[in-house]
Amino acid sequence: MKIAVAGTGYVGLVAGVCFAEVGHDVTCVDVDEKKVEIMRQGISPIYEEGLEELMQKNNAKGTLHFTTDYREAYRDADAIFIGVGTPEMPDGSANLSYIATVSRQIAETVEKDCLVVVKSTVPVGTNDKVEQFIKDFLVHDVKVEVASNPEFLAQGTAVYDTLHAARIIIGTESSEAEDLLKKIYEPFGLPIVSVKRRSAEMIKYACNDFLALKISYMNDIANLCELVGADITDVAKGMSYDERIGARFLNAGIGFGGSCFPKDTKALKFLAREHGYQLRTVEACVEVNSSQKVRLFEKAKDRMISFAGLKVAVLGLTFKAGTDDLREAPSIDNLKLLLAAGADVYAYDPKGADRAKQLFPEGKLEQGTMHYVSGVDEALEGANICFVFTEWGEIRAILPEQFKSKMHTPLVYDGRNLYDPKQMKDAGVEYYSIGR
Ligand code: UDX
């Protein structure tokens with residue numbers, strides 16, 4: 001099958017590479033000439049486990065191509081997958097301008113019947129509009145249908161998640177579109193759930209927002225645990241045995257970040273409001289998350305007279321481990337507060353420092369200063385206070401004695417519950433975590 005993929009971010013690139021891996025002939029399109037050039041050499045512009053290997057393998061096989069020439073890619077494709085971004089607008093709604101641009105390009109270039117498949121997360125009803133938009137601008141006398149095929153991959157495990165997805169959701173309005181999508185996904189050997197287009201669009205939001213709710217719920221319970229003397233880790237363990245609840249996404253912490261949960265909760269809240277409905281559960285989830293992100297900073301603020309001139313070790317910057325992505329990372333909110341309070345920040349992240357430097361350049365910043373160091377020990381050396389924001393393995397592996405011996409004052413605020421409170425106490429570390 002000849003497939004074109006528009007957009008080479010986490011969604012588009014991973015989808016394209018995996019389609020090539022299962023035997024399709026794939027062309028990935030991106031507007032960025034430099035990015036396309038490096039992808040042609042088998043170099044991934046994003047850090048994702050296993051992605052480069054598959055890029056190189058399929059580049060060499062000649063079934064994976066990269067281009068800026070969308071005309072060439074779309075002209076005679078059997079299916080065109082749209083995987084461009086739908087970033088959040090200031091009011092929380094989704095920005096559909098990239099989808100519109102690609103739709104127009106498709107309309108103006110396709111020369112044979114084809115299926116356009118929207119993989120990007122879009123508000124319910126967008127696929128109808130995309131189909132109409134393409135029909136309005138079609139140049140050649142061809143039949144174009146639009147299908148919804150939401151993506152459920154998590155960053156860091158994107159390739160694995162795509163090749164071993166729990167299910168493939170396809171939303172179509174005709175049996176032809178349904179059959180074609182089933183044929184494309186057949187080689188994956190995964191369960192396929194076939195529904196109408198609007199339901200498919202809603203499934204994506206319903207899943208992401210449910211998981212986000214689960215996290216905010218655990219964070220809310222964790223905060224209460226602190227007040228009543230319970231331990232959220234034990235509480236989560238006890239909950240996890242109930243199969244109706246499940247064992248995953250029960251980790252309380254510094255709040256969720258990333259490119260999906262923050263955006264998708266706000267987008268669904270916005271969509272509901274647009275339809276005159278208040279989605280109270282999701283609104284509460286958003287609210288809990290925004291205060292959770294700065295909860296440790298607030299706690300530390302209560303303990304200190306001032307942060308001015310203090311050496312603050314920051315361990316972990318990315319929104320979770322296994323990715324170099326900083327979008328909506330809780331570290332960002334905290335760094336802003338720490339720097340505004342005059343802190344001398346020494347940050348370490350094994351993958352996220354380069355991206356962080358674009359947001360927080362090294363040197364004097366606000367009232368404080370920003371430094372990036374190349375290891376955990378360097379960050380801790382002589383520090384007055386330490387914040388843990390990401391659960392990287394090497395940060396998890398720090399021993400209580402290390403905090404004690406390296407830091408000037410062994411005072412640790414852990415947003416990921418990585419260490420044992422008793423061991424920390426025994427080692428002489430003053431330790432604060434979430435919900436215990
Ligand atoms: C998520 C969904 O998992 C994925 O299915 C969807 O397609 C895109 O959004 P991702 O954003 O890559 O994927 O990361 P995920 O692992 O789900 O974590 C999201 C955020 O929640 C992170 O900030 C993470 O640290 C946080 N989280 C996750 C918790 O705070 N507690 C948990 O128990 C799980």
Side-chain angles (χ1 to χ4, degrees), residues 10-11 85-96 120-126 150-155 201-227 232 235-236 239 245-246 248-299 317-320 323 325-337 359 387 389-391 415-417 434-435:
Y10 287 94
V11 171
T86 52
E88 188 183 315
M89 301 274 267
D91 63 1
S93 64
N95 178 351
L96 299 177
S120 312
T121 304
V122 290
V124 181
T126 303
E151 183 52 66
F152 295 95
L153 62 83
Q155 286 173 227
E201 292 172 312
M202 183 55 108
I203 288 171
K204 171 69 191 196
Y205 280 108
C207 285
N208 270 3
D209 288 16
F210 184 79
L211 293 171
L213 257 161
K214 207 172 169 187
I215 298 167
S216 272
Y217 177 75
M218 291 311 285
N219 285 334
D220 223 8
I221 295 290
N223 299 342
L224 184 59
C225 279
E226 283 174 24
L227 298 172
I232 190 66
V235 172
M239 291 169 71
I245 294 171
R248 301 181 61 193
F249 279 71
L250 293 181
N251 294 330
I254 189 81
F256 57 75
S259 61
C260 292
F261 290 173
K263 171 169 78 77
D264 294 349
T265 42
K266 284 184 215 145
L268 201 59
K269 171 181 146 179
F270 183 87
L271 183 81
R273 292 242 173 194
E274 247 190 349
H275 287 79
Y277 187 73
Q278 191 188 355
L279 208 53
R280 287 171 294 169
T281 47
V282 174
E283 290 194 7
C285 159
V286 173
E287 217 176 286
V288 168
N289 199 55
S290 71
S291 52
Q292 194 69 16
K293 282 181 166 185
V294 295
R295 199 175 153 79
L296 284 182
F297 174 80
E298 297 293 338
K299 261 193 199 176
L317 296 165
T318 54
F319 79 94
K320 65 172 189 179
T323 176
D325 199 341
L326 260 88
R327 280 176 287 178
E328 302 280 341
S331 66
I332 296 174
D333 305 62
N334 285 283
L335 283 177
K336 279 184 190 157
L337 290 167
L359 298 171
F387 285 93
F389 295 135
T390 318
E391 71 283 22
R416 298 291 183 168
N417 288 354
I434 307 279

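Nothing here was measured: the structure is a model prediction, and the numbers come from that model. Starting from 1, each residue takes its place in the sequence as its number.
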Side chain Thr86, main chain Thr121, donor-acceptor under 3.5 Å: yes

Set of residues satisfying side-chain hydrogen bond (donor to acceptor under 3.5 Å, both in side chains) with respect to Thr323, sequence neighbours excluded: Gln155

Residues which pass side chain to side chain contact (heavy atoms under 4.5 Å, CB included) with Ala206, listed by chain and number, not counting sequence neighbours: none

Straight-line distance of Leu268 CG to Met202 CE, nearest 0.5 Å: 5.5 Å

With sequence neighbours excluded, residues passing side chain to side chain contact (heavy atoms under 4.5 Å, CB included) with Leu337: Val294, Phe297

For Glu88, all residues meeting side chain to side chain contact (heavy atoms under 4.5 Å, CB included), sequence neighbours excluded: Lys263, Lys266, Glu328

Rounded distance [0.5 Å steps], CG in Leu153 versus SG in Cys260: 7.5 Å

side-chain hydrogen bond (donor to acceptor under 3.5 Å, both in side chains) against Glu287, all qualifying residues, sequence neighbours excluded: none

From CG (Asp325) to OG1 (Thr318), nearest 0.5 Å: 8.5 Å

Spatial distance of atom CG (Asn289) from atom CD1 (Ile215) [nearest 0.5 Å]: 8.0 Å

Glu283 side chain near Arg273 side chain, heavy-atom distance below 4.5 Å: yes

Atom OH of Tyr217: over 12 foreign heavy atoms under 6.0 Å: no

Any side-chain heavy-atom pair of Phe152 and Ile203 under 4.5 Å: yes

Set of residues satisfying salt bridge (charged side-chain N to carboxylate O under 4.0 Å, His left out) with respect to Lys336, sequence neighbours excluded: none

Side-chain (Asn219) to main-chain (Ile254) donor-acceptor, under 3.5 angstrom: no

CG-OG1 distance between Leu96 and Thr126, expressed to the nearest 0.5 angstrom: 5.0 Å

Phe249 side, atom CZ; Leu213 side, atom CG - distance, nearest 0.5 Å: 13.0 Å

